[in-house]
Protein chains: 2
Amino acid sequence: MYAEHVYDPSLPTPSQMRWVTDATNPDANAVPLPAVSPGPVRSLRSVDMPTNLTVTEIQQLDSIVLTTRHVRCGEKLFRARDVFQSLYTVRTGSFKTVVLHRDGHEQVTGFQIPGDSLGLGGICAGMHNCDAIALEDSTVCVMPFSQLESLCSRSHRMQRYLHQLMSREIVRESSLMMLLGTMTAEQRLAFFLLDLAARFRARGYSGTHFNLKMSREEIGCLLGMKLETVSRMFSRFHKEGMVEPNGKEIRIIDAERLSRV
Amino acid sequence: MYAEHVYDPSLPTPSQMRWVTDATNPDANAVPLPAVSPGPVRSLRSVDMPTNLTVTEIQQLDSIVLTTRHVRCGEKLFRARDVFQSLYTVRTGSFKTVVLHRDGHEQVTGFQIPGDSLGLGGICAGMHNCDAIALEDSTVCVMPFSQLESLCSRSHRMQRYLHQLMSREIVRESSLMMLLGTMTAEQRLAFFLLDLAARFRARGYSGTHFNLKMSREEIGCLLGMKLETVSRMFSRFHKEGMVEPNGKEIRIIDAERLSRV
DNA sequence: CGGTTAGTTGAGAAAGCTCAACAGATGTGG
DNA sequence: CCACATCTGTTGAGCTTTCTCAACTAACCG
């Protein structure tokens, strides 16, 4: 139905995503760890992290991934205020993270696709600060944090890797704050689409043709606007020939122009 | 002029703020490290971090603080894209961090007062992701990151402390995203004032009477609104008897009602 | 002391929200 | 496998909030 290079998380994880994987998977260590690139602060320029791990270190990391956990669509990997014990890496599928305000307001703080981390906000107070909800049937690698910490004590590069993971999350959130604080609805959606496209591309999927697993409402909740506004902006991009939206199937026609919105 | 318990960064740092300090200060280690509490995600409830450092560890931390750097009002401690080498802790004065968008738009991502950290976003890509600008003549403790890292390798608790520092920044930014994504102008300013009040209180200053070092425009730039709107909201709070704003001098009259805005 | 900057307030404009109607897609039980 | 119910997405019209532009005042600075 779709072009074969389209992101479809029901397919097996592409090999480049298996760097943190089920320890029972025999060829997991054969694959070099890709550079983790931070979310684009300015445009789509992605800055690679300077330190990549060696095969030995990937093996060490694999050795503490004791379990792979499956989460069904709509179910929660963890909830805000749950005791923090592990970090997670999305292996297949996708998630959203949601911060809850006392008055019932929700703010989506991110969408996570394979290779993305979950749970970094929980280290601070020993309890998670958000809900992590599967947008489809998904699997994650579970990294018990205490074990990750002792691994970091033994390996400088592993330590640096964890620090970069956390710092990257800080940078990602800063760029979302800028989006929420300074951009129009049109710019927000353009930024969102280009960011998602870049992340898919970085992971070996198509950067021009993909399927959104989240609803218009969830997109709006990330971007600080109402679902109707999201829909109108999609229609506008369509009319102007920049994006071909077909429900949740998105085709980016003119990324250049989209980035100049 | 002001009550003596009012926050005035021109005064010497209060003793409870000296936990990370100039190594030449002889009594620096006499003071226990206070718990670092994350920014309030829900209301003002502050959650203490479970791990505090021992006196020995504070000494270790002090031992790598090789320099105290002075930054004059308006000058930059570091700029976006500067090479990342050190983390900083505000010792006296205050800062703002600003993320720049390619089209010239600026977003303030935070105000830092004594005890707050600066530079955590730089670890990710080896370069800083924002400008850190002094809002008044200020001093910071410089912690060379490579030394901090090796200290972390030797001390589990120090490692955990750094992780909590970073995670706390992630949580803080999440809560600002929620503010920007879901709140009205009135709610944003109320949240901002209560958050600032709580931070001053946690550091031993007055939580009801303090001086803003930032302009209305800078507040607006943090909260995603124009300076005129900030001003109007201050006037509204004044008229309703919740806040007594006198230019940059702020007196919080009814925190309870403010939190229910 | 004059010039500049920061803050306040008002009036009109604009962006995005609310409410509502409708269309398509999806899912479910008979 | 169909009929019906439900959910998701689109579009329109009017409304609300916030922005923009402007005038004015107060504070600050050289």
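Since the structure is predicted, the reported quantities are computational estimates derived from the model, not experimental observations. The sequence lines fix the lettering, A, B, ..., with proteins before strands; numbering per chain opens at 1. We use all heavy atoms of the structure for the numbers below, so side chains are in, but hydrogens, waters and symmetry mates are not.
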Would a line drawn from the ring center of B:Phe78 to the ring center of B:Tyr88 be shorter than 6.0 Å? yes
For nucleotides 28-30 of chain D, which of its nitrogen or oxygen atoms have a protein nitrogen or oxygen under 3.5 Å away, and what is each distance?
none

Of all the nucleotides listed (C:dG16, C:dT8, D:dG9), which has the minimum atom distance to the side chain of A:Met233? C:dG16
From CG of A:Leu189 over to P of D:dT10, roughly how many Å is that when rounded to an integer? 11 Å
Can you check the A:Arg188 CZ to C:dG16 P distance for me, whole Å? 7 Å
For A:Leu223 and C:dA15, give me the distance from atom CG to atom P, rounded to whole Å. 18 Å
Expressed in angstrom and rounded to an integer, what is the separation of B:Leu180 atom CG from D:dT17 atom P? 19 Å
To the nearest 0.5 Å, what is the distance between CG on B:Leu179 and NE2 on A:His105? 12.0 Å
Is there a side-chain contact between A:Cys124 and B:Glu169 (heavy atoms, below 4.5 Å)? no
Quick one: A:Leu227 CG to D:dT11 P, roughly how many Å, whole number? 13 Å
Rounding to an integer number of Å, can you tell me how far B:Asn211 CG sits from D:dA27 C1'? 15 Å
B:Ser231 side chain: which of D:dT11, C:dG16, C:dT8 is closest? C:dT8
Listed pairs, N/O of protein and of nucleotides 19-25 of chain C, under 3.5 Å:
from, atom 1, to, atom 2, distance (Å)
C:dC19, N4, A:Glu228, OE2, 3.2

Would you please confirm or rule out a distance under 4.0 Å between OP1 or OP2 of D:dT20 and any side-chain N or O of B:Lys226? yes
Nearest to the side chain of B:Thr229, heavy atoms from C-beta on, is which of D:dG9, D:dT18, C:dG7? D:dT18
Nearest to side-chain heavy atoms of A:Arg216, which nucleotide of D:dC19, D:dG9, C:dC17: D:dG9
Can you check whether A:Glu244 reaches A:Glu249 side chain to side chain, under 4.5 Å on heavy atoms? no
Length of the line joining A:Ile219:CD1 and D:dG9:P, which is rounded to integer Å: 8 Å
Which whole-number value in Å describes the distance from B:His238 NE2 to C:dT9 C1'? 15 Å
Any B:Lys248 side-chain nitrogen or oxygen under 4.0 Å from OP1 or OP2 of C:dG7: yes
Would you say CD of A:Glu186 has more than 12 non-hydrogen atoms from neighbouring residues, nucleotides or ligands within 6.0 angstrom? yes
Smallest heavy-atom separation, A:Ser175 atom then A:Phe191 atom, equals OG-CZ, 4.0 Å
Rounded to the nearest 0.5 Å, what separation is found between the CG atom of A:Leu77 and the OG1 atom of A:Thr97? 11.0 Å
Find the distance between CZ (A:Arg168) and CD1 (B:Ile170) and round it off to the nearest 0.5 Å. 11.5 Å
Please name all residues satisfying ring pair (Phe, Tyr, Trp, His ring centres under 6.0 Å) with A:Phe84, sequence neighbours left out, ordered by chain then number. A:His128, A:Phe145
